[in-house]
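Everything on this sheet refers to the single structure shown next.
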Amino acid sequence: MIESFEKIKNEALAEINECTDEVMVNNAKSKYLGKKSEFSSLMAGMGQLSNEEKREVGAKSNEVRTVISEALDSKLKSIKDEALNRKLEEDKIDLTLPSKKRHRGTKHPLTMVREEIEDLFVSMGYDVVDGPEVDSDMNCFEMLNLPKSHPARDAQDSFYITEEMLLRPHTSSMQVRSMLENVEKKPFKLICPGKTYRRDDDDATHSHQFSQIEGLVVGENISLSDLKGTLELFAKKMFGKDREIRFRASYFPFTEPSYEVDVSCFSCGQKGCNICKGTGWIEILGCGMVHPNVLRNCGFDPEKYQGFAFGVGIERVAMLKYGVSDIRNFYTNDYRFLNNFDRKEM
Ligand code: PHE
């Protein structure tokens, strides 16, 4: 019997050695140690042996079972390890491969211009405030010295949502809001950038939606020369240090006196070109001294306090600065247009 066990062991070890996958190992297991194996039938015959023989054969059978089990286990482990290694090898990532180029976006030209203007005014101590795009008739017109019947409302024919609420036609509504808010805190100076809306037929220079920056300074002893100095700085910063500005008398119901401001043409050096339409000057914004009625409406005594205000169109500045001939380019999201402002590989 001992020899038979020894023979089983040798056969099993040889066969296990030849196994190349899990199925073969499992088959070998049942063939050599399973219920119907020769090993099991030898074990069954042990009952007839003497006690002495039983001890000897029992020890041998244990040894053979252990050896075969261990051989099966280690074979199975090496097959699994090999499979894992093969998989790792196949899935290997080549870190030396060049990566895909990622396209990096850039700021929209209107954002760039807005931020440039904000930076300038922040450096002069202005606050930057935000206001609602849907505002009341009261804030957009009434408080700004534009009663319901005022003909100047026609120029800003607007998107009404209810009788009283509308999409703001200018950021000047923020003059009212910020004066009411700052009645206690005088003096103050702020700018308010934001979107504005007017019922307009869209073409190369008109858009029903555009953006403005409102500027407002209120305090004691504020004069027109403060306004002029501020806007001169603005024009030089945005269009070049050699620029000059000129004030043309104009009319806005909420400022008195009111002006349109022109900047000397940066394109032709005032010789006359198609940008300045041969005049040497380009109109850039509207401004004036805050009307006493507006100050009064908002709780300021015009005998004591004065202020200046201005409103500049961001699209207009961006069009001039970057030579954009069609305002619609800013909104149509055409990649070919926006790419001109790309930082590329910066
Ligand atoms: N709100 C005016 C406009 O939209 C501009 C403006 C602002 C004029 C402030 C004077 C003072 O045309």
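In each ligand, atom 1 is the first atom listed, and ligand 1 is the first ligand listed. This is a predicted model, so every value here is computed, not measured.
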Requested in this report: Would you confirm whether Ser172, through its side chain, and Gln175, through its main-chain N or O, come within 3.5 Å as a donor-acceptor pair?
Outcome: no
Requested in this report: Count the heavy atoms of every other residue, nucleotide or ligand shown that sit under 6.0 Å from NZ of Lys7, and state whether that count exceeds 12.
Outcome: no
Are there any N/O pairs under 3.5 Å between ligand 1 and the protein, and if so, what are their distances?
from     : atom 1 : to     : atom 2 : distance (Å)
ligand 1 : 1 (N)  : His170 : ND1    : 3.1
ligand 1 : 1 (N)  : Ser172 : OG     : 2.8
ligand 1 : 4 (O)  : Arg198 : NH2    : 2.8
ligand 1 : 4 (O)  : Gln212 : NE2    : 2.9

Query - Fellow cluster residues of Val23, listed by chain then number, with links counted only when side-chain atoms sit under 4.5 Å apart - result: none
Query raised in the report: Do the ring centers of Phe121 and Phe310 come within less than 6.0 Å of each other?
Result: yes
Query raised in the report: Who else is in the cluster with Ile93 when I, L, V, M, F, W and Y are joined by side-chain contacts under 4.5 Å?
Result: Leu95
Query raised in the report: Using links of under 4.5 Å between side-chain heavy atoms of ILVMFWY residues, direct or through other members, which residues join Leu144 in one cluster?
Result: Val129, Met138, Phe141, Met143, Leu146, Tyr160, Leu166, Met174, Val176, Met179, Leu180, Val183, Phe188, Leu190, Leu216, Val218, Phe252, Phe254, Val290, Val294, Leu295, Phe300, Tyr305
